[in-house]
Amino acid sequence: MRIIGGSEKGRRLSAPKGDRTRPTADRTRQALFDMLIHAPWFGREKLEQALVLDGFAGTGALGLEALSRGAPRAVFMEKSRPGLAVLWDNIRSCHMEEHVRVLPCDTTRPPRARETAQLVFLDPPYGRDLVRKGARALSHMEWISSQSVIVAETENTPEGFQLPGAELLAARPSGAALLTVWTRYRPDGQTGP
């Protein structure tokens, strides 16, 4: 696993031993960032101004990729001790310590935000409805606003993935994963501004 683009392109990232962490594959991250950078609803300029939140961070690959590609700051949420150790190793390896804040917490129980994130990555373990739970908790604690762009990686199933109360911007299968991008999220289930 490595950083795919930007200032740290080619930098190898570590992952915890065992199968508790499922890092986003390099190919999937490449497809995701190509989509974000070229999308009319996001683009490189927004990325280069965004506070990025990497929920269920694990190795931090998504947030570190965003930083490498020009995002100025990122917040990482990770609750497991082995995950936090590897996350910090990867942050140091990429020389990003000054650009990050690491919160040792469960993304479904975050602290109150200091400011809203413009780009939110949610890549939890599959099959536990954690994207919906995480989005609801992050919205409640003001990490997500109706203007935030939420990127979810879920299991690629025939019925896809729905985030009630959000507007779907894009969906792209990538092997066993499904990438969906949402905005205008409102945890009350309503859509619109």
Side-chain angles (χ1 to χ4, degrees), residues 24 28-29 31-58 60-67 69-79 99-103 105-126 128-157 159-174 177-193:
T24 301
T28 302
R29 261 184 294 115
L32 169 61
F33 279 90
D34 285 348
M35 180 172 48
L36 287 172
I37 288 169
H38 299 292
W41 38 261
F42 201 72
R44 184 176 303 281
E45 188 174 305
K46 281 191 180 177
L47 177 63
E48 291 175 350
Q49 297 171 6
L51 170 62
V52 174
L53 171 60
D54 190 346
F56 309 100
L62 290 167
L64 290 168
E65 187 76 42
L67 289 169
R69 292 171 182 256
R73 297 171 298 134
V75 175
F76 296 87
M77 292 183 184
E78 174 56 47
K79 71 176 186 175
H99 304 279
V100 306
R101 186 169 158 225
V102 175
L103 299 176
C105 68
D106 184 337
T107 303
T108 66
R109 292 185 175 89
R112 185 155 304 277
R114 295 179 185 170
E115 63 182 298
T116 301
Q118 290 75 47
L119 179 59
V120 178
F121 294 115
L122 297 176
D123 180 16
Y126 292 163
R128 297 193 224 162
D129 201 29
L130 291 172
V131 169
R132 278 184 271 266
K133 291 174 184 173
R136 186 177 298 118
L138 291 168
S139 178
H140 179 71
M141 298 308 280
E142 301 177 353
W143 288 97
I144 295 175
S145 77
S146 63
Q147 302 306 308
S148 301
V149 170
I150 302 167
V151 177
E153 181 180 332
T154 58
E155 193 169 19
N156 188 7
T157 61
E159 64 274 10
F161 173 75
Q162 301 300 315
L163 184 59
E167 176 186 327
L168 179 65
L169 295 172
R172 180 177 289 176
S174 181
L178 174 66
L179 297 172
T180 53
V181 185
W182 306 84
T183 193
R184 299 191 188 283
Y185 176 65
R186 291 178 47 185
D188 59 8
Q190 303 298 312
T191 55

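Computed from heavy atoms alone, side chains included, the values below leave out hydrogens, waters and symmetry copies.
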S.K.: Could you tell me whether the side chain of Leu103 reaches within less than 4.5 Å of the side chain of Pro110, counting heavy atoms only?
M.R.: no

S.K.: Might you point out which heavy atoms bring Ser139 and Tyr185 nearest each other, and give the distance in Å?
M.R.: CB-CE2, 3.7 Å

S.K.: What's the shortest heavy-atom distance between Trp41 and Ala170, and which atoms?
M.R.: CZ2-CB, 3.9 Å

S.K.: Please tell me if the side chains of Ile150 and Leu138 come closer than 4.5 Å, counting only heavy atoms from C-beta onward.
M.R.: no

S.K.: Given side chains that start at C-beta, do those of Arg73 and Val75 come closer than 4.5 Å, heavy atoms only?
M.R.: no

S.K.: Are Ile37 and Leu47 close enough that some pair of their side-chain heavy atoms sits under 4.5 Å apart?
M.R.: yes

S.K.: Hey, what do you get for CZ (Arg186) to OG (Ser145), rounding to the nearest 0.5 Å?
M.R.: 12.0 Å

S.K.: Using every non-hydrogen atom in the two residues, find where His140 and Arg112 come nearest and quote the distance to one decimal.
M.R.: O-NH1, 3.7 Å

S.K.: Going by the angle between their ring planes, with limits at 30° and 60°, are Phe33 and Phe121 parallel, tilted or perpendicular?
M.R.: tilted

S.K.: I'd like to check Leu163 versus Thr180 (side-chain heavy atoms, cut-off strictly below 4.5 Å). Are they in contact?
M.R.: no

S.K.: Once you round to the nearest 0.5 Å, how far does NZ of Lys79 lie from CG of Asp106?
M.R.: 4.5 Å

S.K.: Around atom CZ of Arg44, are there more than 12 heavy atoms from other residues, nucleotides or ligands closer than 6.0 Å?
M.R.: no

S.K.: Looking at every non-hydrogen atom in both residues, tell me the closest pair between Phe56 and Glu78 and how far apart they are.
M.R.: C-OE1, 3.9 Å

S.K.: With Leu119, which of Asp54, Val52, Val181 fulfils side-chain contact (heavy atoms from CB on, under 4.5 Å)?
M.R.: Val52

S.K.: Could you tell me the separation between the CZ atom of Arg172 and the CG atom of Leu32, rounded to the nearest 0.5 Å?
M.R.: 8.5 Å

S.K.: Could you tell me whether the side chain of Trp143 and the main chain of Ala135 form a donor-acceptor pair under 3.5 Å?
M.R.: no

S.K.: Nearest 0.5 Å, what's the NZ-CZ distance between Lys133 and Arg109?
M.R.: 9.0 Å

S.K.: Is there a side-chain contact between Glu155 and Phe161 (heavy atoms, below 4.5 Å)?
M.R.: no

S.K.: Is any side-chain heavy atom of Leu62 less than 4.5 Å from a side-chain heavy atom of Val151?
M.R.: no

S.K.: Using a 3.5 Å distance criterion without hydrogens, assess whether the side chain of Gln118 forms a donor-acceptor pair with backbone atoms of Leu51.
M.R.: yes

S.K.: Rounded to the nearest 0.5 Å, what separates atom CG in Leu179 from atom CZ in Arg29?
M.R.: 11.5 Å

S.K.: Give me the atom names and distance for the closest heavy-atom approach of Phe76 to Gly63.
M.R.: CE2-CA, 3.7 Å

S.K.: Nearest 0.5 Å, please: how far is CG in Leu122 from CD1 in Ile144?
M.R.: 6.0 Å

S.K.: If you count heavy atoms of other groups shown closer than 6.0 angstrom to CZ of Arg114, is the number above 12?
M.R.: no

S.K.: Could you check whether any side-chain heavy atom of Pro164 comes within less than 4.5 Å of a side-chain heavy atom of Arg132, counting everything from C-beta outward?
M.R.: yes

S.K.: If I compare all heavy atoms of Glu142 with all of Thr116, which pair ends up nearest, and what's the gap?
M.R.: O-OG1, 3.3 Å

